[in-house]
Amino acid sequence: MQTRKPPTHPLWRLLPLIQVHASKFWGGMSLIILGRLLEAGMPLLLGTAIDSLNRGVPNLLWPAVAILILMCARYTSFSFGRRFVRQVGVEVAFDLRQKLYWHLQLQGPRFFARFTTGDLMARAINDLQLIRMMIGLGSRLLFVLGASGIIAFGVMLTLSYKLSLMLLPLMPVIGFFGWLIARQIFVQSTLVQEGFSELSAQVQENLNGIRTIQTHSQEEREIARLEAKSGDYADTFLRLMFHNSALTSTMLVMTGAATLIIVGYGGSLVMSGEVTIGTFTAFLFYLGMMLSPVKEGGVIVTLFQRAASATERIYEILDHEPEIRDADDAAPLDAVGGEIMIKDLSYQHAGQKKTTQNWPALNNISMTIKRGQTVAVLGRIGSGKSTLLRLLVRLLDPAPGTVYLDGRDIRMLPLSQIRQEIAFVPQDPFLFADELGQNITYDNPDRNNEAVWNAAKIADLGETINTFPSKLETEVGERGVTLSGGQKQRTSLARGLIRGAPVLLLDDCFSAVDTETEEKILSRLRSLRDGLTTVLVSHRVSTAQHADRIVMLDRGEIVESGTHAELMAAGGAYAELARLQSRRDALKSDLEAQNAVPGENLPEDAS
């Protein structure tokens, strides 16, 4: 799977997203910096008032009024500026979340085999939250405190260049220690977020498998596993907090040393008369403004470093090119008739090596399915039946020139058209935590109830729905937990049938229903699909015998092909399967009959 080469630093990759909201971002920053400029005027007014008191000529009214005006203006400027910058953080996180979610929709099986659901959820929630905080809070702190330091140092130079120059030797020392600890924070932040992903993955897996856990009485074991994983995550997070605290403490020591130097040297300048008390007081206020970025350095560095590792993790996903995607020159068919042609189709799953004991999923498959035909595909487990259907709908990607739809290589058709015109009903149905009717009309919720009931009737689900108090509005729960296996399969079947697609692929979707129900569905299906192409995978001869053609697969190869009568006459694998299933059904009927007779097979003295 190819990945794009990223820039040097992860945070640079966020700039295009921020530039979309540049006017709001820089407008907010400008208002915040304006607020700092207004704040910078207050110490000068305070120093003037102190000097007037020291001279015995008190003049406090106009400085007090001016400070009050500056405070009101500063408050207004800060309030709007912070709001704008926070909005940018929320909007960038929204844009990135949409981009990430859209990208996930395009990924194939290899991608989801590598990244677990819990990991992806952690990236989409926790990592994006860190990016939002960096933009909405971290960037604001960086720009505001940085502007404060520059403004304050500029005014300090005008008040006393001697005091100002005393601070310069400390700046490289502060920068070096900050850089040294920041590197550790980045590494530890990545470990924390990876730990959160692992924790989320385990919780998600346990919740999905809660029935298995309960039936095997493994609750205590799973709780212990989660406790160990949670403990590891807590330890990793504490190490991050240790580095953050070390950085904050170092910065406080540095600012304390700077303040001590200024107070000592500044006091001597006041005593010698070089600096007035008012000027020295104002200087100390500006010193606090200039050192505020240093004091908040731990917070700023932690926000940026955690966001950097989060951005790196987000773009690890976004850099994965979808393994199945539209060709550059893909063009849709004007209309889909439903003829499928397969030529020398072979497929081997990723990581699978061809050996004498391990054959490919499919090997040199060739056949033509004419428009309106019903073709049944049979074979034992692992013979390649499901793989074949997934290749037809491009959930797996066939080699170029091996699968054609109406004479066009399906790799040259848009994925959207393939999956719209070919309805695929999988063996393992997935139902959303929604109403039953909404699950049936998933591809088009605007369908009327008549269409829903017709599809449900054909799938032999109508009578079942009528037994529910809320009918089509019945909530089925997560993954259809309130329904039985057969009900879920028939709901999934109704969802595929309602589309009326030119091609319908049924991947053993009758395995959870009884033979009698299956016969009802098939009889209705033949009428519904008259003139439309249908390919169905099954293990039952009873399902396949009514198809126009039957294909037997074994070890990824076609071993037999023909009608039911032709294959029975040939006496091959299909005929043997039919005899075995017929014998099994007869034995089952005998057992049911015996169980239905009171006292059957009981000892003579049993009464």
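This chain uses plain numbering: 1 for the first residue, then up along the sequence.
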Find the distance between [atom1] ([X]) and [atom2] ([Y]) and round it off to the nearest 0.5 Å.
X	Y	atom1	atom2	answer
H546	T563	NE2	OG1	13.0 Å
I342	S366	CD1	OG	8.0 Å
K457	L528	NZ	CG	12.0 Å
I418	L395	CD1	CG	10.0 Å
R123	I317	CZ	CD1	4.0 Å
R390	L505	CZ	CG	11.0 Å

Give a yes or no on whether a salt bridge exists between [X] and [Y], defined as a side-chain N under 4.0 angstrom from a carboxylate O.
X	Y	value
E316	R313	no
R524	D460	yes
R411	D397	yes
R132	D127	no

Will you find, in the side chains of [X] and [Y], an N or O donor that is under 3.5 Å from an N or O acceptor?
X	Y	value
Q427	D507	no
R447	T441	no
S561	R549	yes
T387	H349	yes

Counting only heavy atoms not in [X] (residues, nucleotides, ligands), do more than 12 fall under 6.0 Å from its [atom1]?
X	atom1	result
M121	CE	no
E227	CD	no
Q417	CD	yes
K370	NZ	no
E475	CD	yes
R221	CZ	no
E576	CD	yes
Y442	OH	no

Side-chain donor/acceptor of [X] to backbone N/O of [Y], under 3.5 Å:
X	Y	result
S383	R555	no
D409	Y404	no
R114	P109	no

- prompt: T374 and side-chain contact (heavy atoms from CB on, under 4.5 Å): which partner among L536, I369, V535?
  reply: L536
- request: Please state whether the rings of F237 and Y233 are parallel, tilted or perpendicular, taking 30° and 60° as the class boundaries.
  value: tilted
statement: The ring-ring contact (aromatic ring centres under 6.0 Å, His included) partners of F115 (sequence neighbours excluded) come to F111, H320
task: Tell me, with the steps shown, if K385 and D508 meet salt bridge (charged side-chain N to carboxylate O under 4.0 Å, His left out).
output: CA-CA 9 Å; K385 303 182 300 297; D508 201 14; over 6 Å; no
field: Those residues that, when tested against R540, pass side chain to side chain donor-acceptor pair (under 3.5 Å) (two or more places apart)
entry: E518
task: Measure centre to centre between the rings of H103 and Y101, then say whether the value is under 6.0 Å.
output: no
